[in-house]
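Taking it in order: structure first as structure tokens, then the write-up.
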Amino acid sequence: MNGFDDAYEGALSLSARAMMAARGGEPGYLEGLNAAQREAVETLDGPVLMLAGAGTGKTKALTTRIAHLIHTGRARPNEILAVTFTNKAAREMKERVGRLLGGAIEGVPWLGTFHSVCVKLLRRHAELVGLKANFTILDTDDQVRLLKQLILAANMDEKRWPARQLAGLIDGWKNRALTPERVRGAETAAFNNRGSELYAAYQERLVTLNAVDFGDLLLHMVTIFQTHADVLAQYQRWFRYILVDEYQDTNVAQYLWLRLLAQGHRNICCVGDDDQSIYGWRGAEVGNILRFEKDFPGAAVIRLEQNYRSTEHILAAASRLISGNEGRLGKTLWTEARGGEKVRLIGHWDGEEEARWIGEEIEALAAGRRALGPVRLSDQAILVRASHQMRAFEDRFLSIGLPYRVIGGPRFYERLEIRDAMAYFRLAVSPEDDLAFERVINTPKRGLGDKAQARIQSLARETGVGLLEAARLMVAEGELSGKAGGQLRQFVEAVDRWHAEIRAASPATAVTAAEDDELLIEPEEGGIAPANDHSHVRLAERILEESGYVEMWLNDKTPEAPGRLENLKELVKALEQFDNLQGFLEHVALIMDNDRDESGDKVSIMTLHGAKGLEFPVVFLPGWEDGLFPSQRAMDETGQKGLEEERRLGYVGITRAERLCTISFAGNRRVYGQWQSQLPSRFIDELPAADVEVLTPPGLYGGGFGAAGAYGGAGAGFSGGSRLEERAGRADVYNSPGWKRLQAQGGQSAAPARRGAQVFDADAEDFEIGERVFHKKFGYGRVVATEGDKLVVDFEKAGEKKLLASFVVPAAQAGEVPF
DNA sequence: CGCGGCCCTATTTTT
DNA sequence: TAGGGCCGCG
């Protein structure tokens with residue numbers, strides 16, 4: 001996991017071949033760039049917006065730009081800040097920059113995720129937000145546990161007001177750079193009127209615990225920059241050139257952070273593609289990219305439009321689909337590639353059949369029984385909208401013995417046993433880490449149940465010390481009887497022992513104080529471990545042994561236990577690459593990577609979101625059915641905006657394919673255990689007929705997909721107009737019992753229901769706070785707040801939801817509604 | 001404290 | 001349908 005740092009270092013010290021390969025006085029790395037890429041590389045000063053369509057070589061442009069900045073002497077490596085969203089992207093960039101530069105370069109660029117860069121900065125300035133430099137970073141799990149405590153402390157029903165929901169709310173605020181004081185208006189009323197209050201309490205608690213959550217990493221830095229001009233000035237001077245990857249995914253906090261850093265020299269280069277913005281639901285603001293030119297007047301806007309990935313048909317289908325969105329910056333992707341397969345479209349009777357067909361198709365491709373010639377399994381991918389769709393494929397592939405790999409899923413560092421082990425390590429490093437204490441005090445069971453823990457808690461509160469100290473007091477006073485008392489004593493002693501050992505090994509763990517004018521810290525991630533005696537690895541093993549944790553799993557006879565022990569071994573092994581436990585914990589908090597073995601010839605199954613940035617020769621896009629894709633929920637919650645994001649998701653999906661893209665849908669699908677008839681996705685209607693080949697499955701059900709008629713007759717007529725009527729008119733071509741049933745049942749399926757709801761063309765201002773309303777799916781509730789065209793409604797059954805006013809009717813009218 | 005049964009809910013996910 | 005969380009019993 002840390003290998004890339006070593007690779008990076010290694011690459012930097014390689015021979016300077018790439019740079020020496022100058023031709024006509026030009027550095028060799030400029031060769032092979034097209035005109036636009038070259039412009040993006042050579043326009044070094046001032047703001048640059050690089051609009052890079054899918055498959056247009058943006059990483060190449062970005063990394064070459066970094067190399068060019070360094071090579072031309074424009075900046076020293078460590079004066080360059082390059083931020084990405086994922087560790088994977090950061091790693092890839094590091095490798096490629098290293099390869100480009102070759103020669104002996106002094107220092108390395110600050111190249112990492114927003115979060116990892118922020119941690120390093122925040123450690124230097126922690127005291128400015130009331131933290132100590134060694135603060136811990138909580139993950140979602142810790143966060144939720146903490147919030148749960150606060151909700152209970154506020155005397156709220158944790159069932160009606162789930163901590164997860166509050167976590168989401170707070171996350172959203174942090175994404176928008178809202179500190180508790182800054183939450184205002186209707187939003188203060190969120191979460192049973194206690195939202196901002198609980199948020200404030202949570203922040204206080206975090207400071208007490210000397211902890212931050214992921215959102216805080218950015219938020220605290222923005223706060224520091226906004227309130228300490230000297231600190232900001234220092235970094236503005238230091239980071240002379242800034243590069244940002246996937247700019248369309250930045251949220252408000254990240255945007256502010258970047259703007260603050262760049263506003264002096266304005267040497268900022270943002271790379272993004274508004275058409276690939278698919279993370280709006282977690283706070284990303286496409287607006288950031290759309291208004292770049294306003295924020296940075298005089299910005300050079302460079303479009304990367306030549307696609308090197310896909311066939312012309314695939315590109316044409318994707319382009320047509322995305323053209324349905326409004327407010328795009330607009331790009332026209334083109335390719336020199338001619339010919340190739342059309343996008344294939346096929347309908348199936350149900351989800352199982354779809355999985356069966358795709359399985360057979362994959363095998364046929366692998367065996368070379370298709371026009372493309374043999375395609376390895378690892379060159380084929382299935383991209384689904386929602387992870388539950390994966391199951392049908394897994395079931396099918398298991399039964400036919402087709403090797404597959406699910407990408408995504410539960411991550412290594414999120415596993416129970418890993419989190420437990422980490423909590424032990426955390427406690428050993430920082431005995432005052434109360435959250436870690438809570439997590440492991442009774443794991444394995446030590447007879448220290450709720451009652452004993454409550455007593456420790458209250459003693460800690462009374463005396464104002466941490467939990468471990470309180471536990472020590474209780475032991476000293478002999479307040480806990482018999483077995484539990486002995487166990488607690490042993491626990492405290494063990495932690496003391498581990499901690500003493502760590503201190504002996506590295507007495508000066510304190511982060512060096514910040515110098516005023518110079519950044520002495522090195523940007524690279526910790527963990528390049530030379531003279532590493534591995535004593536911390538042995539300590540970690542002992543911690544897991546002495547705590548009884550390993551034994552606990554040895555004694556466990558559930559089928560998962562052996563796997564968990566394996567994982568623990570793997571965890572300990574990962575430690576070898578670090579100097580000490582502290583370094584490991586630091587690193588791991590941010591690298592929640594889940595690279596699993598990418599070896600083996602297997603089909604990949606993943607979500608569309610997970611596929612962003614990847615490419616495959618052959619791509620299957622199943623489940624293109626209205627309500628599933630586009631997702632009903634996305635449309636309910638954010639209306640047109642949501643639909644457009646879904647469309648971008650479709651665009652991302654199609655553009656992953658290099659040579660063959662197959663879209664499919666099923667007429668019937670089991671949803672929450674109930675059979676539902678489905679309508680083909682509206683996005684299918686938006687594909688260009690000339691680039692699509694409609695496959696009719698022989699002998700399965702009559703007629704196949706109605707597109708044959710549609711394309712032949714109506715042509716472009718599928719967009720616009722009354723879709724409902726059109727679909728009804730086409731019902732004869734959906735010649736399947738499922739679709740017939742749909743007709744008979746009218747409002748039973750998702751699509752007609754949606755239209756039913758839309759009968760009420762209401763604006764948010766038509767509703768009053770406190771008004772009782774009815775929603776088709778969520779039932780009755782009261783309006784808590786209005787926000788633009790949206791309402792925040794506290795539903796009796798469903799809890800609080802934010803949705804478009806048009807999906808809700810006054811409760812009084814609900815009786816008259818023809819649902 | 002552990003287990004069995006009941007109830008409830010049910011995208012997308014990175015750091 | 002299915003999995004997770006919670007409660008109550010032994």
Side-chain angles (χ1 to χ4, degrees), chain A residues 83-90 112-119 137-140 143-144 148 157-160 162-165 167-168 171 174-175 212-219 246 249-251 253-254 277-284 351 383-392 407-411 413-414 442 444-452 483-484 556 558 587-594 606-613 623 627-638 642 645-646 648-650 652-653 669-676 777-778 797-799:
Chain A
V83 279
T84 63
F85 274 83
T86 63
N87 291 302
K88 195 174 168 197
T113 63
F114 276 98
H115 296 266
S116 69
V117 172
C118 278
V119 187
I137 302 165
L138 302 190
D139 61 28
T140 329
Q143 199 184 349
V144 169
K148 201 163 165 181
D157 177 4
E158 50 150 344
K159 270 191 134 164
R160 230 190 116 177
R164 289 226 155 264
Q165 195 188 329
D171 244 33
K174 288 185 175 175
N175 285 157
V212 300
D213 62 24
F214 285 121
D216 281 336
L217 293 173
L218 273 141
L219 184 53
E246 306 277 19
D249 287 339
T250 49
N251 61 35
Q254 288 156 339
S277 164
I278 54 175
Y279 285 107
W281 51 275
R282 65 174 202 218
L383 313 182
V384 297
R385 175 61 182 86
S387 46
H388 62 77
Q389 290 173 259
M390 294 178 179
R391 202 180 151 169
I407 297 180
R411 287 168 239 206
Y413 289 106
E414 277 170 7
N442 203 29
K445 300 278 177 264
R446 297 190 175 87
L448 299 161
D450 290 346
K451 257 195 352 213
K483 223 174 79 184
D556 189 301
T558 57
H587 200 71
V588 149
L590 291 170
I591 306 246
M592 299 291 264
D593 252 2
N594 56 335
M606 65 184 98
T607 63
L608 287 162
H609 285 91
K612 196 167 100 171
L628 181 59
F629 182 63
S631 131
Q632 190 59 47
R633 189 156 163 189
M635 293 186 290
D636 282 351
E637 281 172 6
T638 44
E645 183 154 312
E646 295 289 300
R648 291 193 290 269
L649 210 39
V652 167
R669 197 173 284 278
R670 210 163 23 189
V671 181
Y672 304 141
Q674 290 210 263
W675 282 101
Q676 274 209 321
K777 196 158 133 216
F778 303 136
K797 298 242 168 63

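Everything numeric in this text was worked out from a predicted model, so none of it was measured. In the text below, chain A, chain B and the rest are named by the order of the sequence lines, each starting its count at 1. FYI, side chains are in, hydrogens and waters are out, and symmetry mates aren't considered; it's all heavy atoms of this structure.
- Closest to the side chain of Thr140(A), from the set dT11(B), dT13(B), dT15(B), is dT15(B).
- Of the residues near DNA chain B, Ser631(A) and Leu448(A), the one whose nearest nucleotide (by heavy atom distance) lies more toward the 5' end is Leu448(A).
- Considering only side-chain N and O atoms, Ser387(A) lies under 4.0 angstrom from the phosphate OP1 or OP2 of dT12(B).
- A straight line from CG of Leu628(A) to C1' of dT11(B) spans 9 Å, rounded to a whole angstrom.
- Rounding to the nearest 0.5 Å gives a distance of 11.5 Å between CZ of Arg633(A) and CD of Glu646(A).
- As rounded to whole Å, 17 Å separates atom C1' of dC7(B) from atom OH of Tyr672(A).
- In this structure, the side chain to side chain donor-acceptor pair (under 3.5 Å) partners of His609(A), at least two apart in sequence or on a different chain, are Trp281(A).
- Arg385(A) contributes no side-chain N or O that, together with a main-chain N or O of Leu628(A), makes up a donor-acceptor pair within less than 3.5 Å.
- Residue Asp450(A) places its CG atom among 12 or fewer non-hydrogen atoms of other residues, nucleotides or ligands, all under 6.0 Å distant.
- Rounded to whole Å, atom P of dT11(B) lies 12 Å from atom CZ of Arg164(A).
- For the pair Asp213(A) CG and dT14(B) C1', the interatomic distance rounds to 13 Å; values are reported in whole Å.
- Of the possible donor and acceptor atoms, one in the side chain of Asp213(A) sits under 3.5 Å from a partner among the backbone N and O of Asp216(A).
- Ring stacking holds between Trp281(A) and dT12(B), with the centres under 5.5 Å apart and the planes within 30 degrees of each other.
- In this structure, OG1 in Thr86(A) is found 11.0 Å from NE2 in His115(A), a value given to the nearest 0.5 Å.
- Judged as a side chain to side chain donor-acceptor pair (under 3.5 Å), and not counting sequence neighbours, the contacts of Asp249(A) are Lys612(A).
- Protein atom CZ of Phe114(A) is 12 Å distant from nucleotide atom C1' of dT15(B), rounded to whole Å.
- Residue contacts shown for Asn175(A) are absent, as no nucleic acid heavy atom lies under 4.0 Å away.
- One interatomic measurement links the two molecules: CD of Gln143(A) to P of dT13(B), which rounds to 18 Å at whole-angstrom precision.
- Residue contacts for Thr607(A): at a heavy-atom cut-off of 4.0 Å it reaches the sugar-phosphate backbone alone, with no base atom in range.
- Rounded to an integer number of Å, the gap from Gln676(A) CD to dA10(B) C1' is 13 Å.
- When the P atom of dT14(B) is taken as reference, atom NZ of Lys174(A) falls 19 Å away, rounded to whole Å.
- Contact annotation for Gly215(A): no contact, since no heavy-atom pair falls under 4.0 Å across all strands.
- Positionally, the nearest nucleotide of DNA chain B for Gly447(A) lies more toward the 5' end than for the other of Ala386(A) and Gly447(A).
- Under the side-chain contact (heavy atoms from CB on, under 4.5 Å) rule, Phe114(A) has a single partner from Thr250(A), Leu217(A), Asn251(A), Thr84(A), which is Thr250(A).
- Between dT14(B) and Thr113(A), no contact under 4.0 Å exists linking OP1 or OP2 to a side-chain N or O.
- Using a 4.0 Å heavy-atom cutoff across all strands shown, Glu246(A) reaches no nucleic acid atom at all.
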* Along nucleotides 2-10 of chain C, 5' to 3', which nucleotides get a B, which get an S, and which get a -, given that the test is a protein heavy-atom distance under 4.0 Å? -> S---S----
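- When the side-chain nitrogen and oxygen atoms of Asn87(A) are compared with OP1 and OP2 of dT14(B), none of them lie within a distance under 4.0 Å.
- Counting any heavy atom pair closer than 4.0 Å across all strands shown, Phe85(A) reaches sugar-phosphate atoms only and no base atom.
- No engagement by Arg670(A) is indicated, since no non-hydrogen atom pair under 4.0 Å with the nucleic acid exists.
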